[in-house]
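To start, the structure under review is shown below, and the notes come after it.
Source: prediction; values computed, not measured. Sequence lines set the chain letters: A, B, ... in the order given, protein chains first and strands last, and positions in each chain run from 1.
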Amino acid sequence: MLPAHGSISALVACLWVFNVLLDTGGQLAFKAAAGHPEAGDGLARWKHMAARPWLWLGIGCYLFEFLVWIAFLSLLPLSEGVLLGSINIVAIMVAGRFLFGEKLTRMRVAGILLVTLGVAIVGLAG
Amino acid sequence: MKRFYLFGFLLLMAFDTLSQISFKYAGDSALPVAASIGWLTRVFSQPWVYGAVVGYVGAFFTWMALLKHAPIGPAFAASHLEVVSVMLLSVWLFDEHLTLPRVLGAIAIVAGIVCLGLAESREHVAEPADA
């Protein structure tokens, strides 16, 4: 039933990339939904968000990510999986920098490099 | 108040840890992975997947409550440090091994998360001075 080892790791890599894309896409969509300047307050704000695609795009990304993550974790040890999943933190910060012009201070760059290094150590060994 | 934050951070970590462990149990009992209705049925027909949902919902509300009161830097760090608790628990629950690459990787990742938490703290302390 199980495919050969090579195709399992290809599937794991695919699911890992999908997870990063969906997590980052979902967060950015929520950010776009919440950050609209004319949205107003309270119920009006929620109505404004519900009438636009961003909120729904974010929810869709998260639902799909939920399934991708279950599939991903079932193919490798949990301790390895959660460590590899930490790359989401980096992806969101980098995307925030490019799409919303958020500042990358020296401390943030150090954090991003360290998390990336950790993921690389685990990924290259596993 | 300090005790309140600490309790909140631990609760957040506990919910996140519950989610990840539930995801692993749910995925393992739904093998083999396939883009099919069969796989989806296997995932949703056992209780673990709902444990993951409980963990998510619990983490969401804990996070929201924490953000109202707690400093953002430590809150950010706490929301990502479940990698450590999940790693330790997976040795016990899933007979996994703390191999050298995993330990080194975890140390680098935790150091990175602490840096990012410190970056958030500084920015928010510095804000009133800018304004």
Side-chain angles (χ1 to χ4, degrees), chain A residues 1-3 7-8 10-12 14-15 18-19 30 62-90 92-93 96 102-126, chain B residues 16-17 19-35 39-40 43 48-49 52-53 56 76 80 82-91 93-123:
Chain A
M1 264 327 265
L2 287 173
S7 53
I8 280 220
L11 181 56
V12 168
C14 253
L15 290 169
F18 261 124
N19 177 258
F30 282 131
Y62 272 27
L63 287 179
F64 202 50
E65 185 193 352
F66 185 87
L67 297 173
V68 167
W69 187 243
I70 290 177
F72 176 75
L73 285 185
S74 70
L75 297 175
L76 78 178
L78 179 61
S79 46
E80 210 174 306
V82 290
L83 292 174
L84 294 175
S86 302
I87 200 68
N88 288 352
I89 305 170
V90 172
I92 285 159
M93 296 227 160
E102 290 172 5
K103 271 182 291 181
L104 284 186
T105 57
R106 208 173 289 172
M107 200 60 146
R108 276 195 181 161
V109 172
I112 286 172
L113 291 178
L114 280 167
V115 173
T116 309
L117 173 72
V119 171
I121 293 173
V122 177
L124 294 175
Chain B
D16 281 329
T17 308
S19 285
Q20 298 303 338
I21 285 169
S22 304
F23 276 130
K24 177 65 175 164
Y25 276 123
D28 280 357
S29 48
L31 283 169
V33 171
W39 181 75
L40 282 177
V43 166
W48 283 109
V49 72
V53 174
Y56 258 27
F76 170 86
H80 288 100
E82 87 271 9
V83 287
V84 176
S85 50
V86 171
M87 254 184 97
L88 296 178
L89 278 172
S90 56
V91 172
L93 293 174
F94 302 104
D95 292 320
E96 293 180 9
H97 300 287
L98 292 180
T99 61
L100 187 62
R102 284 180 203 163
V103 172
L104 290 178
I107 290 171
I109 289 168
V110 168
I113 290 169
V114 169
C115 280
L116 293 171
L118 286 173
E120 297 295 325
S121 301
R122 279 191 189 177
E123 207 158 273

Should we count CZ of A/F30 as having more than 12 external heavy atoms under 6.0 Å?
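Yes, because the 6.0 Å sphere around CZ of A/F30 holds more than 12 heavy atoms from other groups.
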Checking heavy atoms, do the side chain of [X], its backbone, both or neither come under 4.5 Å from chain B?
{"X": "A/L76", "value": "backbone"}
{"X": "A/V90", "value": "neither"}
{"X": "A/I89", "value": "side chain"}
{"X": "A/L124", "value": "neither"}

What's the shortest heavy-atom distance between [X] and [Y], and which atoms?
{"X": "B/A119", "Y": "A/T105", "value": "CB-OG1, 4.2 Å"}
{"X": "B/I109", "Y": "A/L83", "value": "CD1-O, 3.6 Å"}
{"X": "A/S74", "Y": "B/V33", "value": "OG-CG2, 3.3 Å"}

Between chain B and each of [options], count heavy-atom pairs under 4.5 Å; write down the option with the most.
{"options": "A/L117, A/L67, A/T116", "result": "A/L67"}
{"options": "A/L113, A/V109, A/L15, A/I121", "result": "A/I121"}
{"options": "A/A125, A/G85, A/A71", "result": "A/A71"}
{"options": "A/V122, A/L78, A/V82", "result": "A/L78"}

Go through the atoms of [X] and report whether side chain, backbone, both or neither lie under 4.5 Å from a heavy atom of chain A.
{"X": "B/I21", "value": "both"}
{"X": "B/Q20", "value": "both"}
{"X": "B/V83", "value": "both"}
{"X": "B/V110", "value": "neither"}

Measure the CG-CD distance between A/L73 and A/E80 for me, rounded to the nearest 0.5 Å.
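Those atoms lie 11.0 Å apart.
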Contact between B/V91 and B/H97 at the side-chain level, heavy atoms closer than 4.5 Å - yes or no?
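Not touching, per the 4.5 Å side-chain cut-off.
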Contact between B/K24 and B/L93 at the side-chain level, heavy atoms closer than 4.5 Å - yes or no?
no
One option among B/C115, B/S22, B/A111 has the most heavy-atom pairs under 4.5 Å with chain A, and it is B/C115
Angle class for the B/Y25/B/F94 ring planes (parallel below 30°, perpendicular above 60°, tilted otherwise)?
tilted
Evaluate the ring planes of A/F72 and A/W69, with Trp represented by its six-membered ring, and classify them as parallel (under 30°), tilted (30 to 60°) or perpendicular (over 60°).
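Judged by the thresholds at 30° and 60°, the geometry between A/F72 and A/W69 is parallel.
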